[in-house]
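Quantities reported herein were computed from a predicted structural model and do not represent experimental measurements. Only this structure's heavy atoms are used, side chains among them; waters, hydrogens and symmetry mates stay out.
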Amino acid sequence: MPQEFLTPETAPADALWVERVGPREYVGHNDRGATVKFAGAGVEGAWTPGELLKVAAAACSGLVTDRAIARRVGDDYQGQVQVSGVKHQEENRYESLEEKIVVDLSTLEPEARERLLGLLERTVDSQCTVGRTIEAGAPITLVLPED
């Protein structure tokens with residue numbers, strides 16, 4: 001294994017990496033020991049990078065809105081953030097993503113419901129790191145091996 005390879009034992013705080021485990025199959029790691037399997041579309045038990053991008057955006061929205069919803073409907077609420085993407089096939093990228101927060105707000109008065117919906121939208125817009133990064137068009141710098 002090349003000396004520069006990270007391992008769970010040698011990874012610095014906040015390290016993230018993917019490691020090839022087979023043809024077109026990789027495992028993503030973080031410094032806390034969590035893993036996720038990546039592969040091409042159709043491989044059982046694996047995510048495509050595009051799926052993970054979409055689910056990361058949805059998870060971010062769920063995490064940043066969780067407290068606001070829980071304060072109004074209770075800590076034990078059931079919720080989902082569903083996500084889909086429109087793919088531009090010729091450019092091999094997503095043109096847009098749509099997230100849908102699914103939660104029962106029927107116990108709220110109409111005014112309280114409207115205030116919460118406004119708060120959720122503002123919270124996602126200002127606090128979701130993944131969505132804000134995608135919208136800002138963060139550049140990616142690729143560093144290639146020198147030898």
Side-chain angles (χ1 to χ4, degrees), residues 4-22 24-144:
E4 292 182 28
F5 271 27
L6 295 174
T7 67
E9 297 77 30
T10 64
D14 297 329
L16 301 172
W17 69 99
V18 296
E19 184 171 352
R20 185 175 192 268
V21 295
R24 293 188 39 83
E25 290 188 28
Y26 287 76
V27 173
H29 299 267
N30 69 18
D31 64 315
R32 297 178 311 281
T35 61
V36 61
K37 183 178 177 182
F38 294 93
V43 175
E44 286 296 314
W47 294 83
T48 68
E51 289 170 335
L52 197 62
L53 171 78
K54 291 185 285 186
V55 82
C60 189
S61 293
L63 287 169
V64 300
T65 59
D66 191 76
R67 286 186 189 150
I69 296 170
R71 276 195 301 266
R72 285 143 181 98
V73 299
D75 282 335
D76 61 346
Y77 80 91
Q78 292 183 317
Q80 287 185 345
V81 181
Q82 300 169 357
V83 63
S84 59
V86 175
K87 191 165 186 181
H88 190 295
Q89 293 294 341
E90 293 165 359
E91 294 183 11
N92 194 28
R93 66 176 180 83
Y94 293 106
E95 290 182 352
S96 63
L97 302 180
E98 179 180 278
E99 298 175 344
K100 179 180 179 182
I101 294 177
V102 180
V103 62
D104 182 4
L105 302 178
S106 63
T107 60
L108 300 178
E109 295 294 326
E111 287 180 10
R113 182 182 183 281
E114 289 306 311
R115 281 193 308 273
L116 175 58
L117 295 178
L119 174 63
L120 297 180
E121 188 167 2
R122 289 188 308 275
T123 300
V124 169
D125 286 348
S126 67
Q127 300 299 313
C128 182
T129 305
V130 176
R132 292 172 56 80
T133 301
I134 291 169
E135 287 180 1
I140 299 173
T141 303
L142 179 62
V143 178
L144 297 171

Subject >> Audit row: Val27, Val36, side-chain contact (heavy atoms from CB on, under 4.5 Å) steps and yes/no >> reply: CA-CA 6 Å; Val27 173; Val36 61; over 6 Å; no
What distance separates [X] [atom1] from [Y] [atom2], expressed to the nearest 0.5 Å?
{"X": "Ile101", "Y": "Glu99", "atom1": "CD1", "atom2": "CD", "value": "7.5 Å"}
{"X": "Gln127", "Y": "Leu63", "atom1": "CD", "atom2": "CG", "value": "12.0 Å"}
{"X": "Leu120", "Y": "Arg72", "atom1": "CG", "atom2": "CZ", "value": "8.0 Å"}
{"X": "Ile69", "Y": "Leu105", "atom1": "CD1", "atom2": "CG", "value": "7.0 Å"}
{"X": "Arg32", "Y": "Asp14", "atom1": "CZ", "atom2": "CG", "value": "7.5 Å"}
{"X": "Glu135", "Y": "Asp125", "atom1": "CD", "atom2": "CG", "value": "6.5 Å"}

Looking at [X] and [Y], what are the two nearest heavy atoms and their distance?
{"X": "Val81", "Y": "Ser61", "result": "CG1-CB, 4.4 Å"}
{"X": "Ala68", "Y": "Leu119", "result": "CB-CD2, 3.8 Å"}
{"X": "Pro49", "Y": "Ala39", "result": "CD-O, 4.3 Å"}
{"X": "Leu97", "Y": "Ile134", "result": "CD1-CD1, 4.2 Å"}
{"X": "Leu6", "Y": "Pro12", "result": "CD2-CD, 3.9 Å"}
{"X": "Asp31", "Y": "Trp17", "result": "N-CZ3, 4.3 Å"}

Hey, is [atom1] on [X] packed in by over 12 heavy atoms from elsewhere, all under 6.0 Å?
{"X": "Gln78", "atom1": "CD", "answer": "no"}
{"X": "Glu51", "atom1": "CD", "answer": "yes"}
{"X": "Arg24", "atom1": "CZ", "answer": "no"}
{"X": "Gln82", "atom1": "CD", "answer": "yes"}
{"X": "Leu144", "atom1": "CG", "answer": "yes"}

**OP:** Could you go through the side-chain contact (heavy atoms from CB on, under 4.5 Å) check for Asp104 and Val73 one step at a time?
**Re:** CA-CA 8 Å; Asp104 182 4; Val73 299; over 6 Å; no
Original post:
Between Thr10 and Phe5, does a side-chain contact (heavy atoms from CB on, under 4.5 Å) hold up when you go through it step by step?
Top reply: CA-CA 9 Å; Thr10 64; Phe5 271 27; over 6 Å; no
Within the structure provided, determine whether [X] and [Y] are in side-chain contact (heavy-atom separation under 4.5 Å).
{"X": "Thr123", "Y": "Glu121", "answer": "no"}
{"X": "Lys87", "Y": "Asn92", "answer": "yes"}
{"X": "Phe38", "Y": "Leu52", "answer": "yes"}

Original post:
Is the backbone of Gly118 close enough, under 3.5 Å, to the side chain of Arg122 for a donor and an acceptor to pair up by distance?
Top reply: yes
**OP:** Taking atom types as modelled, find out whether Ser84 and Glu98 have a side-chain donor-acceptor pair closer than 3.5 angstrom.
**Re:** no
**OP:** Walk me through it: do Tyr26 and Val21 pass the test side-chain contact (heavy atoms from CB on, under 4.5 Å)?
**Re:** CA-CA 5 Å; Tyr26 287 76; Val21 295; 5.7 Å; no
Subject >> Electrostatic pair Lys37:Glu25 at N-O distance under 4.0 angstrom >> reply: yes
